[in-house]
Structures are given as structure tokens and as C-alpha cells.
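Just so you know, ligand 1 is whichever comes first in the structure, and atom 1 is the first atom listed for that ligand.
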Amino acid sequence: MADIQLYGASWCPDCRRAKRFLGDQRVPFDWHDIDGDPEGIALVEARNDGKRIIPTIIFPDDTHLAEPSNEELADKLGLARSAMMHVYDLVIVGGGPTGLTTSIYAARENLETLVIDSKGLGGQAGVTERLDNYPGFPEGIGGAELADRFVKQAQRYGVEMLQAVSVTRISDDGHRELDIETATGDHYHARAVLIATGSSYRRTEAEGEDDLIGAGVHFCATCDGPFYKGSSELLVIGGGNSGLEEGLFLTQFTQKVVVVERGDRLRGSKLLQDKVLNHPRMEVLLRHGVSAFRAKDDGSGKLGTVELENRETGEKVERHPAAVFVFIGLDPNTGFLEGQIDLDERKFVATDMTFMTNVGGVFGAGDVRGGSTKQLASAVGEGAAAAIQIRAYLDRLEREGPGMDRGR
Ligand SMILES: Cc1cc2nc3c(=O)[nH]c(=O)nc-3n(C[C@H](O)[C@H](O)[C@H](O)COP(=O)(O)OP(=O)(O)OC[C@H]3O[C@@H](n4cnc5c(N)ncnc54)[C@H](O)[C@@H]3O)c2cc1C
């Protein structure tokens, strides 16, 4: 039993938000769905003076929070949300593999470094069940464990790290330092900033998806396809180029790949469509969307059933694939940069060969950078390479003095 107990219901958006927040911080908790559970309902009512307020979250000290905001949760968990200083050599926005790698390199060179992450340190790698293709771990490694190792290494070099704090603006006012503003209202100043905010796979938002990510619901075929070697069926959601390409790739692991597309035709290139439609072990299901993902009832917590809905007739069908791969798009986490930093046509950060953006002193690396390969090993590689370029930039700033033009 985990230390934190979360009482809620699957239909409650605030419960999903609280679950996601705890998951992002990688805080273990037990989930209790009180729908149809008289004991759970009684407990929630007893805690809230007879009111049925969810989520109700009970902590190890036996206190509880009813319907807390993410900020209240962060305070309760004792997360550092304000930094110790206001001026740093380098501020890194995003504490995923890219940002943490840069921070280790920078701090080893005695640069005062602050990492700010809107969720939990470790980024997408930290919330990935298992990583099997990261060099150095022949048996694979759990994402949370790898993230903890990155964090410990950064701590060893004195990197300061904030969690559950979003950066909302990076401004260049023409002063010696750039200004970094956070959602908590703090302003930090630094001579260099690295944007390492990654990108987010679009989710179907169907019922049960959050709970089954990594346990049968996946977003990366290269990363997780090999887990399903020898399976009889895999489902791919999305009939665009990624869905078709990745679906073809997955045929090497399974007997049958079913591509599910909500529209009335596939959207990928003609060449890919031909390959998929003529493949003897691929099937295409048009005009269908996912309405629910359900776990097996053997207590394993793994995906058992996918419920699909015909978008024209509303008819529901159930399938029981070994896993589902969702390819309905990837959004870079760059909304807060629009109008301040040049983005490419897909809204990824545009950089030159030295990882510098159009704003002098502001760098971009990892999954958020246009042209990056969205793999952990490349994120770490970009983090290291960006650190070296940032060091060179700061050296130049030092040599040329405060009068140096920070522009490119
Ligand atoms: C489910 C899944 C499985 C994967 N499996 C594998 C695998 O097996 N092998 C592999 O090589 N790769 C895998 N990947 C890809 C790999 O995790 C990424 O390539 C890698 O994490 C990218 O690192 P990053 O630091 O660039 O970005 P991220 O890991 O995305 O980190 C970015 C960080 O920035 C933070 N952030 C975003 N916006 C802000 C803001 N405004 N202010 C402050 N912080 C912000 C986010 O909270 C996040 O922590 C997987 C990805 C997913 C989603």
C-alpha cells in the first residue's frame, strides 16, 4: 500500500488532474474509485463533514486535501517552487533528459545553474515504464530509476532544481541578462537560457488511457514495439503518415496490425497507403475512434480491452490486442514562446548549428528542437552538445565584456 490514498471517480476531471500531477511527480499513490463503492463514499463523506468531495487525498500524516489545486498539492508535497537566488549563469527550462544533461555539464564547469520544470524532473523518460534501447543498460532500465539517476548526478554537482513551476516568458530587454518569468510570479535572470521543454504526444483522452500508459498503451513503436514480439494483434490509432509507417514497422513483432482511423479514408502518403492496404497482415478500420481502454480483470493492471466506436452509427466493438500504439500527433511544448522566439512551421524551436535560437543567449535542444529525433539517447546527446556551445558563448561574453552584442 502506498503512503498517499486518492479517492475519486473515473468520470471526474479534477481526479484525473490530481492523478496526473502525482504521476508526473512520480509520487506513489493508491487510487480508489468510489463509484459504486459504499465504503469509499463513506470515507470521503466522513473526511469532508458529510460532503461527497472528490478528489479527496489522504497523506501519510493522516491529513487530507479535498479538491486541491496543483499548487496546493505541490506545497503539501514540500516541492521547492522558488529558487535560492535571482541571478544565475544558466537557467534551463525543462528538467527532462536534455535539460538535466546540460545541467550536469554546466555545473561541473562551475556555472551557477537553475533547472525549472513545470511537472516532475525526468521528463517523459521519467514516466516511461521501461527503456530498453538506452545504451549502458543491457537488461533495460525503468524510466523512473533512470530519471532518479540523472537527478542525483545533477544534485551532486550542486544544480538547483524546481518542480511544478512553469516558465511563462523569456524576455530579452537588451540588458546583460535575460529575464525568465514563472507562473509563480518569480523572475530569474541569466546570461544564457536553454529551452528543453520537450514535446507531448497527443492522447486520445479516452476513458482509462492515463492508467494504462506504459501498460499496453504506447506512443513510440521503436521504443516499445519489441515488448510485443510474438503477439497475435496490435492496434495502431491514427491513419496519418506516422500511424502507417509505425504500423508497418510493428508487423515484424506481431501476426496482425489493425490501423484505426476516425475519418473515412487513410491520411498518409499514397505510397504508404498502398503498402498498408496490400500488406497481408494489416487491416484498416475506418470511421472508428477509441471510446475506452480497459485493464484485464486478472489484477495485472495491463491492457485487456479496447472499446472502439463507429463514428457514424455509434455502434461499439471490443478488441483485445496485446497493445495499442497511438499516433495522432506530437505537440512541442512551445506555447509560452510564441512571439518571443522563432519557431518552425510545426512550432518546434528553430536553432542554428550551435543550438542558438534567433535570440542571443537563448538555446534550444532535445525533443523541443525542430529536426531532433525524439529519442532518449539523442536528447542526452543534444543536452551535452548544447552545454558545450553555451559554455563557448559565455566565454565569449566574458572575453568581450558587458558591451558584447548578445545577438547572433
Ligand atoms: C511513453 C514514452 C515512451 C518512450 N520510450 C522511449 C524509449 O524506450 N526509448 C527512447 O529512446 N525514447 C523513448 N521516449 C522518448 C524520450 O522519452 C524522449 O525523447 C526524451 O524524454 C526527450 O527528452 P527532453 O528532455 O528533450 O524532453 P522531455 O522528456 O519531454 O522533458 C521536457 C520537460 O520540460 C518540462 N516543461 C515543458 N514545458 C515547460 C515550461 N513551460 N516550463 C518548465 N518546464 C516545462 C516538462 O514538464 C518535461 O519535464 C519515450 C517517450 C514517451 C512519451
Location of contacts on N133 toward ligand 1, heavy atoms closer than 4.0 Å =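 It is the side chain that gets close, since no backbone atom is under 4.0 Å.
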key: Structural part of I116 in contact with ligand 1, heavy atom criterion under 4.0 angstrom   =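 It is the backbone that gets close, since no side chain atom is under 4.0 Å.
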Atoms of ligand 1 less than 4.0 Å from [X] heavy atoms?
X    : value
V165 : 43 (C)
G123 : 29 (O), 31 (O), 48 (C), 49 (O)
A196 : 32 (C), 33 (C), 34 (O)
G366 : 26 (O)
A379 : 22 (C), 23 (O)
K374 : 15 (C), 19 (O)
K119 : 47 (O)
G198 : 27 (O), 30 (O), 32 (C)

request  = For F363, enumerate each residue passing the ring pair (Phe, Tyr, Trp, His ring centres under 6.0 Å) test, keeping only those at least two apart in sequence or located in another chain.
outcome  =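 By the ring pair (Phe, Tyr, Trp, His ring centres under 6.0 Å) rule, F363 matches Y393.
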Between [X] and ligand 1, is there a nitrogen or oxygen pair with a distance under 3.5 Å?
X    : result
Y201 : no
Q124 : yes
N333 : no
D367 : yes
V167 : yes
P97  : yes
F336 : no
S118 : yes

key: Option of least heavy-atom distance to atom 6 (C) of ligand 1 (set: C223, P226, A183, G335)   = C223
Between the main-chain N or O of [Y] and the side-chain N or O of [X], is there a donor-acceptor pair closer than 3.5 Å?
X    : Y    : value
T113 : V159 : no
Q252 : F249 : yes
N241 : S269 : yes
K302 : A215 : no

Geometric class of the Y88/Y188 ring pair [parallel <30°, tilted 30-60°, perpendicular >60°] =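 Geometry flag for Y88 against Y188: perpendicular rings.
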ask   = Is there a side-chain contact between K19 and D210, using heavy atoms and a 4.5 Å cut-off?
value = no
task = Compare all side-chain heavy atoms of I116 with those of V91 and state whether any distance is below 4.5 angstrom.
result =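 Yes, close enough: below the 4.5 Å cut-off.
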query = Hey, would you say the Y228 and H218 ring centroids sit under 6.0 Å apart?
reply = yes
key: Partners meeting salt bridge (Lys or Arg N to Asp or Glu O under 4.0 Å) with E245 (sequence neighbours left out)   =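 Listed in chain order: nothing, the list is empty.
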key: Stepwise side chain to side chain contact (heavy atoms under 4.5 Å, CB included) check, V362 with I195   = CA-CA 7 Å; V362 179; I195 301 163; 3.6 Å; yes
